[in-house]
Amino acid sequence: MVEEPNSEGDDPRGGPRVSFGLLRKEVSEPGPTTLWQYVISLLLFLLTMFSCVELGIASKISSLPPEIVSYFTDPNATGPPPDMQLLLPFVESALPVAYGVLAIQIFHEIGHFLAAFPKNVKLSIPFFIPNFTLGTFGAITQFKSILPDKKTMFDISMAGPVAGAALSFSMFFVGLLLSSNPVGANDLVEVPSQLFQGSLLLGLISRATLGYRAMHAATVSIHPLVIAGWCGLTTTAFNMLPVGCLDGGRALQGAFGKEALFGFGLTTYSLLGLGVLGGPLSLTWGLYVLICQRTPEKPCLNDVSDVGTWRRAALIASVFLVVLTLIPLWDELAEELGVGLVTSF
């Protein structure tokens with residue numbers, strides 16, 4: 001049941017004029033998952049594990065054994081290569097960040113499946129997308145069933161980001177508290193302070209928690225949980241952008257309809273293209289969406305009934321937080337707040 005296209009007015013009995021269509025069985029009933037889909041999903045998950053480990057290693061680069069750093073960076077270095085066994089403790093210390101990022105994304109997918117199960121909606125297996133900057137760009141999980149109504153589309157779409165954001169923010173905030181505790185100083189890692197200029201919202205929270213003295217420096221000592229939580233919140237925010245069949249696009253389509261999704265999608269693409277949202281990752285994410293996630297979701301069986309005011313309000317609040325998360329701190333504000341050192345030319 002969909003709204004009548006090109007209708008000149010509402011139904012005399014109230015509400016919009018509607019049309020009904022019949023679906024073929026092969027369209028309305030989900031098909032089985034093929035062997036190749038399982039293989040591709042497994043390979044992508046293994047690549048995502050590797051990219052998460054690489055992120056953890058990059059976050060601990062400042063604690064590399066000096067013998068190895070000197071051998072690979074000094075062009076005049078002579079003598080035998082250093083013992084690579086020295087790298088084992090370094091790699092092991094990088095694993096908590098990888099575990100944290102993977103746990104957030106798995107928690108995100110569990111949220112989708114838990115919301116879909118009571119509604120008897122079948123979802124595809126998740127296809128994780130590796131990324132060496134954030135560990136992962138999330139996962140592509142498709143609706144295999146035709147959704148019964150817009151409320152179901154909205155609830156399942158929002159369940160994953162809410163679950164992932166809750167775990168991400170818990171890691172992020174607990175990590176900030178541990179970063180300011182001198183007892184756990186041995187567990188901290190040094191990162192460039194410019195990292196905190198990448199997000200208006202997360203940068204302000206970090207500044208309020210760690211203080212001016214800690215943040216107004218070239219490097220900042222933080223707990224690995226901060227890195228995992230930051231990456232998780234950024235990935236969740238990207239996936240909540242109102243475009244295509246991202247979680248945010250599906251939720252917006254359910255709450256406001258396809259026409260609204262088209263308008264918001266054009267705005268989102270424009271902001272990504274200009275680098276207003278997402279900073280250095282904006283173009284990469286925009287290309288990923290254009291290639292893999294640009295198509296809106298299929299209509300629901302009941303594509304007319306409204307989702308209600310509180311769901312729309314929740315979505316508006318979520319998109320507002322997404323924008324605050326993905327907008328970088330501009331130099332003047334960063335300098336005034338003492339978030340990192342701003343270099344003037």
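All heavy atoms count here, side chains included; hydrogens, waters and symmetry mates do not.
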S282 (side chain) donor-acceptor with G278 (main chain) under 3.5 angstrom: no
L274 reachable from I327 in the ILVMFWY side-chain graph, under 4.5 Å edges: yes
Residue pair L42 / Y38, side-chain heavy-atom distance below 4.5 Å: no
Side chain to side chain donor-acceptor pair (under 3.5 Å) assessment of T152 paired with D149: CA-CA 6 Å; T152 302; D149 52 45; 2.9 Å; yes
Non-hydrogen side-chain atoms of P130 and L44 separated by less than 4.5 Å: yes
Side chain to side chain contact (heavy atoms under 4.5 Å, CB included) partner of L261, the single match among R250, E297, Q253: Q253
Closest heavy-atom pair and its distance - F107, A163: CD2-O, 3.3 Å
Joint hydrophobic cluster, V323 plus L271, side-chain heavy atoms closer than 4.5 Å: yes
Neighbour count >12 (heavy atoms, 6.0 Å) for atom CZ, F132: yes
Considering all heavy atoms, the nearest P328-V276 contact: CD-O, 3.4 Å
Y269 atom OH, over 12 foreign heavy atoms within 6.0 Å: yes
Salt bridge (Lys or Arg N to Asp or Glu O under 4.0 Å): pairs with one or both residues in residues 33-47, sequence neighbours excluded: none
4.5 Å side-chain heavy-atom contact, T236 and F169: no
side-chain contact (heavy atoms from CB on, under 4.5 Å) between M171 and V101, intermediate numbers included: CA-CA 10 Å; M171 288 185 178; V101 173; over 6 Å; no
Within-4.5 Å side-chain heavy-atom neighbours: I222 and L188: no
Beyond-backbone contact of F143 with S157, side-chain heavy atoms, under 4.5 angstrom: yes
Within 6.0 Å of CZ in F113, more than 12 heavy atoms from elsewhere: yes
T136 side-chain N/O to I129 backbone N/O, donor-acceptor pair under 3.5 Å: yes
Residue pair V191 / T219, side-chain heavy-atom distance below 4.5 Å: no
Mutual orientation of the aromatic rings belonging to H108 and H112 [parallel < 30°, tilted 30-60°, perpendicular > 60°]: perpendicular
Contacts of F45 that satisfy ring-ring contact (aromatic ring centres under 6.0 Å, His included) - sequence neighbours left out: F128
L147 side chain reached by K119 side chain, heavy atoms, under 4.5 Å: no
Test log, rule side-chain contact (heavy atoms from CB on, under 4.5 Å), inputs T209 and F173: CA-CA 9 Å; T209 307; F173 192 67; 4.1 Å; yes
Steps toward side chain to side chain donor-acceptor pair (under 3.5 Å) verdict (T235, Q105): CA-CA 9 Å; T235 301; Q105 191 52 48; 5.7 Å; no
Check: Q37 main-chain N/O paired with S41 side-chain donor or acceptor under 3.5 Å: no
Polar side-chain atom of S180 near backbone of L210 as donor-acceptor pair, under 3.5 Å: no
Step-by-step side-chain contact (heavy atoms from CB on, under 4.5 Å) determination, K150 to F154: CA-CA 6 Å; K150 290 182 176 181; F154 181 93; over 6 Å; no
Atom of G198, atom of W230 and distance for their closest heavy-atom approach: C-CZ2, 4.4 Å
Interatomic distance, L277 atom CG to L241 atom CG [nearest 0.5 angstrom]: 6.5 Å
Cluster link I140 to F238, ILVMFWY, side chain under 4.5 Å: yes
Working for side-chain contact (heavy atoms from CB on, under 4.5 Å), residues S51 and N131: CA-CA 6 Å; S51 64; N131 177 264; 5.7 Å; no
Within-4.5 Å side-chain heavy-atom neighbours: F256 and P242: no
Linked, directly or transitively: F127 and I110 (ILVMFWY side chains, under 4.5 Å): no
N/O donor-acceptor pair under 3.5 Å between N239 side chain and F137 backbone: yes
Heavy-atom pair with the smallest gap, counting every atom of V322 and A237: CG1-O, 3.4 Å
For the student: nearest non-hydrogen atoms of K258 and P296, plus distance: CE-CB, 3.9 Å
I104 to A228 - nearest heavy-atom pair and separation: CD1-O, 3.4 Å
Same apolar cluster (I L V M F W Y, side chains within < 4.5 Å links), V307/I156: no
Flag, side chain of T325 to backbone of T234, donor-acceptor distance under 3.5 Å: no
